[in-house]
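Some notes on the structure that comes next.
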Amino acid sequence: MKTLKNNPFLAAFLSLWLLAQCAPKEISVTPEEARAIAKEAYIYGNPLVDHYRIFYSYFVDESDPEFKAHFNQIKNIPKVYTSEDRAIQTPNSDTPYSMGALDLRAEPVVISIPEIEAGRYFSVQMVDGFTHNFHYIGSRTTGNKGGKYLFVGPDWKGEKPEGFDEVIQAETNLVFAFFRTQLFAPEDLENVAKIQSGYLIQPLSSYLGQPAPSQPAAIEFLKPLGREEQRSSLLFFNQLNFWLQFCTVHASEKELFERFAKIGVVPGQTFDPETLSPEIKEALTAGIQDAWKEFETFNNEEIKTGKLNSGDVFGTREYLQNNYLRRFAGAVLGIYGNSKEEALYPIYQTDADGQRLDATTNKYTLKMKADELPPVNSFWSVTMYELPASLLVANPLNRYLINSPMLPSLKRNADDSITIYIQHESPGKDKESNWLPAPKGPFVLVMRLYWPKEEAMNGTWKPAPLVRVQ
């Protein structure tokens, strides 16, 4: 039998045939239907694509200043976020982080937790490729006694090994592990670092001291789109396709993905906008803008009015019930937010009169009565973010938040209430203990309630109003 090398005509024919198989298929839907599907696919996919952007900077691109660690390793960060940290929007500056990416394709991965003293909050938030908070280890769920937890991929079929507190199956092969450890005060940082050194992420074979199984092919990662590029670029759909290859299509989404396939959104396939007709490109671009318009309407009518809060947009797949608009809103307003049982995030986007927050000339106060402080089993905080970037604000005090561990240092009013002064310029030396510096421009405040009590979750307790005083 002749080889391809000896038969150039057959070789050429096969090359053309392979190119034809790999070439993107022409989109056969009308521009109107393409626009509608693009809107759906964008609302569905925005959290995944923005998650990929952060995942890439943290665990793939070693040249990125935000790089943390390689897969199945842990990076402890014995500090809190400051205005110099710019990769992730609305970062938490209450709890030093430890972070890791679990690659579950070849074998399960073990997370080990040391014993932590009673009274110190910690949590390990497990985020899958869809941005669902699919599991928690921590003070609320497992206590502070320490333990060993085995995480397995969606295709794992093994038996539970001995010696593990839990075996947890993820829907996706790439998983983000987000550790938070409470810091009581700046001088407590050494204690936090000691706890962090006891957190471990290990492939099961390494944990057992056995040879590693055969490894899957190295992933050829795409350079992610920036946040602003995601808002308009049709390459968004190519990045969505790329990320979806590490996710298992859920049974409840089978028909949805059949619909997405009509515009070329297919896990693992290449989406090339240059192969599309001008009419279809215009329709898909319009669909992306339609998605952002729906987000703005949702944000204005549901979030800013207080009808919904952070507890409605973060959680498990089962909790969110495939409400993709809520998942989209959660990712835009504060990706990786906790599920409501773990933390609530009342957001101040307007003042008590419904006006947007802007400290160019305005000043604000947040007065909390002694018996109306945020109800928590752990602690609370109020953090300042500049807009539109949703990042921490550089200021002369290097103060980005006021939280409950600071209560002893805050000045009380005659009625034992606390007034927090929110403005750009100092309110005066006598009030600086209660000053939360604002940018000279628009901003948003995020309150965080860690391990909230029932009255916070059921709406019995309401956050104090933010009052504009000038």
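Here the structure is a predicted model, which means the values were calculated and not measured.
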Q.
Please determine whether salt bridge (Lys or Arg N to Asp or Glu O under 4.0 Å) holds for the pair Glu33 and Lys262, giving the CA-CA distance in whole Å, both sets of side-chain angles, and the decisive distance to 0.1 Å.
A. CA-CA 9 Å; Glu33 187 176 6; Lys262 293 180 179 181; 3.4 Å; yes

[X] vs [Y] aromatic rings, parallel, tilted or perpendicular, using cut-offs 30° and 60°?
| X | Y | value |
| --- | --- | --- |
| Phe55 | Phe71 | tilted |
| Phe246 | Phe242 | perpendicular |
| Phe176 | Tyr336 | perpendicular |

Less than 6.0 angstrom separating the ring centers of [X] and [Y], yes or no?
| X | Y | result |
| --- | --- | --- |
| Phe122 | Phe179 | no |
| Phe130 | Trp243 | no |
| Phe178 | Tyr58 | no |
| Phe134 | His132 | no |
| Tyr44 | Phe260 | yes |

Donor on one side chain, acceptor on other, [X] and [Y], under 3.5 Å:
| X | Y | value |
| --- | --- | --- |
| Tyr42 | Asn46 | yes |
| Arg180 | Gln125 | yes |
| Glu342 | Tyr121 | yes |
| Thr270 | Asp272 | no |
| Gln245 | Asn173 | no |
| Gln182 | Thr95 | no |
| Ser123 | Tyr450 | no |
| Tyr136 | Asn338 | yes |
| Gln230 | Tyr52 | no |
| Tyr348 | Thr350 | no |
| Asn92 | Tyr400 | no |

Salt-bridge present ([X], [Y]; N to O < 4.0 Å):
| X | Y | answer |
| --- | --- | --- |
| Asp312 | Arg327 | no |
| Lys307 | Glu301 | no |
| Arg259 | Glu255 | no |
| Glu372 | Lys367 | no |
| Glu279 | Lys281 | no |

Q) Should the heavy atoms of other residues, nucleotides or ligands under 6.0 Å from NZ of Lys79 be counted, would the total exceed 12? A) yes

Q: Ignoring hydrogens and angles, tell me if any N or O in the side chain of Thr248 forms a donor-acceptor pair with the backbone of Glu171 under 3.5 Å.
A: yes

Q. What heavy-atom pair brings Val80 and Leu183 nearest, and what distance separates the two atoms?
A. CG1-CD2, 4.1 Å

Q) Closest heavy-atom contact between Arg105 and Pro216? A) CZ-CG, 3.5 Å

**Q.** Minimum side-chain heavy-atom gap Val393-Tyr385 below 4.5 Å
**A.** no

Q: Just do the ring pair (Phe, Tyr, Trp, His ring centres under 6.0 Å) check on Trp435 and Tyr421 with the steps written out, would you?
A: CA-CA 5 Å; Trp435 177 33; Tyr421 300 94; 9.9 Å; no

